[in-house]
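Model, not experiment: these values are computed from the prediction. Numbered from 1 within each chain, the chains take letters A, B, ... in sequence-line order.
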2 protein chains.
Amino acid sequence: MKDKDVAQILRDKGLRVTPQRIAIYECLAGTTAHPTAETVYQQLHSKYPSMSLNTVYKTLLVLEAAGLIQRFTTADSVFRYDANPAEHVHAVCLKCGRVSDVPGDFGEELERLRAKAVGNSDYNIRYSTLLVYGLCPECKR
Amino acid sequence: MKDKDVAQILRDKGLRVTPQRIAIYECLAGTTAHPTAETVYQQLHSKYPSMSLNTVYKTLLVLEAAGLIQRFTTADSVFRYDANPAEHVHAVCLKCGRVSDVPGDFGEELERLRAKAVGNSDYNIRYSTLLVYGLCPECKR
DNA sequence: AAACAGCAGATAATCATTATCAGAAGCAAA
DNA sequence: TTTGCTTCTGATAATGATTATCTGCTGTTT
Ligand SMILES: [Mn+2]
Ligand SMILES: [Mn+2]
Ligand SMILES: [Zn+2]
Ligand SMILES: [Zn+2]
């Protein structure tokens, strides 16, 4: 997704386009690491020394509300952010906390699970999150 | 699971059996609501006025380490506790935060997902958590 | 350029969870 | 049953992530 698109999506939602919003989105779009707000802040601090952590948090909320990114939480209870807002499977390392995408198309499996959950639950189901926990390549020695 | 069993499991792990531990386990075993630590604390406060919230937290960690319960986190980033330590599917209400078990046996589907994730990921996968988000019966009006 | 509404940054507040430590209590041995 | 050791509990404080508040600034529209 290019800057122009992000800017346009923001404008279409009545939101302003600011350098901070573009920078934070690009930071997320340019990594596969599912960083925390703190990590995003540190990444951008050299290029944008005046940007505050609070702005990072608020901007991430704005981007999420606009449907541009997703936010999720793992067992360590720190929010992770992902420039890919589509449902997909995440692997979480039990030792170092790293979060990675699980490659492959799980659309069919997730859809089947969803259908079964919809049938069995009295909830009006909107979406689902699947996390698999284990040891990352580095940590499994 | 009866008290005697819990007590014995604790003893087998070299842990002491205390009224607080039994009470907290029974509180969890007697509900399907997946309470937070704070909720467990409030539930027990009338019967055990001297029990502290800190003890609830530490006891829940002990019970989890003993494999008697499981802990997980939802989108609101507050830990939920469950006397059923087996993998199963949870539904989370987007409006009120309620967490319910999704009935039905998802063992086969979860196993298939796990197998596919194991094949596609370079993580050494141990377990997984599947949460479905939506509106609970109360909140969907 | 001007004017307005929304945004960024500094700061403080909040909330859940964990750490610390002294006294109480479970447990095993005597 | 009593003793003695060790672990646990509860009071309190600390931590860490996230959010709230407020003032000055900036993007946007005219
Ligand atoms: Mn991802
Ligand atoms: Mn459950
Ligand atoms: Zn790792
Ligand atoms: Zn609800």
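Residues Val92(A) and Val102(A) do not share a hydrophobic cluster, clusters being chains of Ile/Leu/Val/Met/Phe/Trp/Tyr side chains in contact below 4.5 Å.
Listed candidates were dG27(D), dT18(D), dA11(D). Nearest to the side chain of Ser52(B) is dA11(D). Taking the side chain of Asn54(B) as heavy atoms from C-beta on, and the options dA11(D), dT18(D), dG10(D), the nearest nucleotide is dA11(D).
We find that CG of Leu61(B) is positioned 18 Å from P of dT7(D), with the value rounded to whole Å. One interatomic measurement links the two molecules: CD of Glu38(A) to C1' of dA17(D), which rounds to 9 Å at whole-angstrom precision. Taking atom CG of residue Asp76(A) and atom C1' of nucleotide dT15(D), one finds them 15 Å apart after rounding to whole Å. One interatomic measurement links the two molecules: CG of Leu60(A) to C1' of dT18(D), which rounds to 12 Å at whole-angstrom precision. Leu53(A) has its CG atom 9 Å from the P atom of dA17(D), to the nearest Å. To the nearest angstrom, P of dC8(D) lies 16 Å from CE of Met51(B). Spacing between atom CZ of Arg11(B) and atom P of dT7(D) amounts to 16 Å, rounded to whole angstrom units. Rounded to an integer number of Å, the gap from Leu63(B) CG to dT9(D) C1' is 14 Å.
In this pair, His90(A) and Phe72(A) present their aromatic rings parallel. The plane angle is below 30°, not in the 30 to 60° band.
Take the nearest nucleotide of DNA chain D for Thr18(B) and for Ser77(B): the residue whose nucleotide is more 5' is Thr18(B). Taking for each of Val17(B) and Lys58(B) the nucleotide of DNA chain C with the nearest heavy atom, the 5'-most of the two is the partner of Lys58(B). Mapped onto DNA chain C by nearest heavy atom, Arg21(A) and Arg71(B) fall at different nucleotides, with Arg21(A) at the one closer to the 5' end.
Side chain of Asn84(A) to backbone of Ala86(A): a donor-acceptor contact under 3.5 angstrom is found. Between the side chain of Lys116(B) and the main chain of Asp105(A), a donor-acceptor pair closer than 3.5 Å is present.
The side-chain heavy atoms of Gln20(B) and Lys58(B), taken from C-beta on, include no pair separated by under 4.5 Å. Contact of the Lys95(B) side chain with the Cys136(B) side chain is not registered, since no non-hydrogen atoms from C-beta on lie closer than 4.5 Å.
Using a 4.0 Å heavy-atom distance criterion, Gln20(B) is classed as a sugar-phosphate-only contact. Within the 4.0 angstrom heavy-atom criterion, no nucleotide atom of any strand lies near Thr36(A). Residue Val62(A) is classed as having no contact, given no heavy-atom separation below 4.0 Å to the nucleic acid.
In this structure, OH in Tyr48(A) is found 9.5 Å from CD1 in Ile24(A), a value given to the nearest 0.5 Å.
In the interface, the side chain of Arg16(B) is paired with the base of dT7(D) through a donor and an acceptor atom under 3.5 Å apart.
Phosphate contact (OP1/OP2 of dT18(D), side-chain N/O of Tyr57(A), threshold under 4.0 Å): present.
A salt bridge does not link Arg112(A) with Glu109(B): none of the charged nitrogens is closer than 4.0 Å to a carboxylate oxygen.
Heavy-atom contacts of chain A under 4.0 Å fall on DNA chain C between two terminal nucleotides, which in 5' to 3' order are dA5(C) to dT11(C).
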